Novice: 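Have a look at the structure that comes next, please.
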4 protein chains.
Amino acid sequence: MFQARGEKHWVIPDGYIPPTSSGELLSHESICVLNCSSEEALLRCTIFFEDREPMEDIVVIVPGRRTKHIRTSSLQKDGAPIPVGVPYAIEVRSDIPVIIQYSRLDATQPENALMSTMAYPLKG
Amino acid sequence: MFQARGEKHWVIPDGYIPPTSSGELLSHESICVLNCSSEEALLRCTIFFEDREPMEDIVVIVPGRRTKHIRTSSLQKDGAPIPVGVPYAIEVRSDIPVIIQYSRLDATQPENALMSTMAYPLKG
Amino acid sequence: MFQARGEKHWVIPDGYIPPTSSGELLSHESICVLNCSSEEALLRCTIFFEDREPMEDIVVIVPGRRTKHIRTSSLQKDGAPIPVGVPYAIEVRSDIPVIIQYSRLDATQPENALMSTMAYPLKG
Amino acid sequence: MFQARGEKHWVIPDGYIPPTSSGELLSHESICVLNCSSEEALLRCTIFFEDREPMEDIVVIVPGRRTKHIRTSSLQKDGAPIPVGVPYAIEVRSDIPVIIQYSRLDATQPENALMSTMAYPLKG
């Protein structure tokens, strides 16, 4: 049995889904989760906005001893996705410790731009 | 009532507003703040330079349960903005804990470049 | 004699080897390790996937008072490399403390994109 | 009098000075330091390589209440700069606490690529 490692609570303040793509690749963001443990991790995501109420409790499962690179465009609350072209922020709570990194590929131009950072862990 | 999470004091040593833009998007930097709590957060920003005195106490409000992606070009002290094309650094103090990420889009060329990092939290 | 500094256990959730390159430079990722100590560091890497069992115990040596920028495409388990174009995650355990940064150059287009972040340290 | 904040010991494992530039901007890396205190900070940098002995004790001064964005190409040891096109790592020790971020602009193509991360703080 492998032990869970990392933290249960993570934050990414700079979320943004580029509204357009051109060229070979598609603009997207990924919430990249590693679950080191033998058990499944249950994640609950909250999406915060600048000018409206948060979208709460979007559920994602990450199997044991697996990674999952979650496209933010795939997250839905009651059938509604995160709006594109709007600044937002992401909070993730997991029932067991995991590690989370956030990356964005912007393909607004055919020549891509990339950015990445570890999510910020909220401890205790 | 939601609790405030994160830290009250953050630093970004590499600030720089690209002086030019070309193509579809505008060069800019953002200080992306998440306020998880139910209460408003009051931020005070200090801008440090290489060769002159700091600009102190620029105030920004982030409402409760909201994110704010603050363009650094919008920050002003006595009507004067941060100069463009000049290396600087940012210190942010908040009256309640928040989480801060810094991102820059450089559109000096029509093909953009992106960078992002969590701000550095000063604890205790 | 120089002392070992950093941590013995690091994680990078967002691994991805771009399958194509064009232009002057080659798409690649690097796990950049600094070994401050006078002694050799023995690293054991585990590669996690979304839909298959992990590749475990890939060994890398970093000499004392040296850095090593390890191309992930050079890592092999029983002669098999990490597959390209597939999301994965990296766990690194070292027998002595080291510091690890992760960077990716995406040259899918002749115009490159770069991203970098410190790996996430697992303490205690 | 303003208090020093941050850490006295920082590491950047992924150093690399791109050997070529094209287009409008010059390829470069910057070690961006913020000295919040009223006193001058004295930094000593060590440069580690993959296959040769470190360059030790390169001294840089950062005045009080100032930032300094240090081009790595400006660092010299006995008149010798850091070689370009070679993987290296940076260790910085400061006599008082400071905060350090590392950024690279790669202008190998006229279309730039950017990356940035906080340096890794070594505590205690």
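Note: hydrogens, waters and symmetry copies are ignored here, and every other heavy atom, side chains too, is used. Here is how names work: the chains are called A, B, and so on, in the same order as the sequence lines, proteins then strands, and each is numbered from 1. Predicted, not measured: the structure shown is a model, and the values here were computed from it.
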Novice: Using the test side chain to side chain donor-acceptor pair (under 3.5 Å), find all partners of C:Ser37 that sit at least two apart in sequence or belong to another chain.
Specialist: C:Asn35
Novice: Tell me the residues of residues 49-59 of chain D whose non-hydrogen atoms fall below 4.5 Å from those of chain C, in number order.
Specialist: D:Phe49, D:Glu50, D:Asp51, D:Arg52, D:Glu53, D:Pro54, D:Glu56
Novice: Are any of the side-chain heavy atoms of D:Val11 and C:Arg5 separated by less than 4.5 Å?
Specialist: no
Novice: With a 4.5 Å heavy-atom cut-off (strictly below), which parts of residues 80-93 of chain D touch chain C? List them by number.
Specialist: D:Pro87, D:Tyr88, D:Ala89, D:Glu91
Novice: Between C:Ile100 and chain D, with a heavy-atom cut-off of 4.5 Å, which part of the residue counts as in contact: side chain, backbone, both or neither?
Specialist: backbone
Novice: Identify the heavy atoms of D:Thr117 and C:Gln101 that sit nearest to each other, and give their distance.
Specialist: CG2-NE2, 3.6 Å
Novice: Which of residues 61-76 of chain C get closer than 4.5 angstrom to chain D, counting heavy atoms alone?
Specialist: C:Arg65, C:Arg66, C:Thr67, C:Lys68, C:His69
Novice: Is there a side-chain contact between C:Cys32 and D:Tyr16 (heavy atoms, below 4.5 Å)?
Specialist: no
Novice: Between C:Met118 and chain D, which part of the residue has a heavy atom less than 4.5 Å away: side chain, backbone, both or neither?
Specialist: both
Novice: What distance separates D:Leu122 CG from C:Glu7 CD, expressed to the nearest 0.5 Å?
Specialist: 8.5 Å
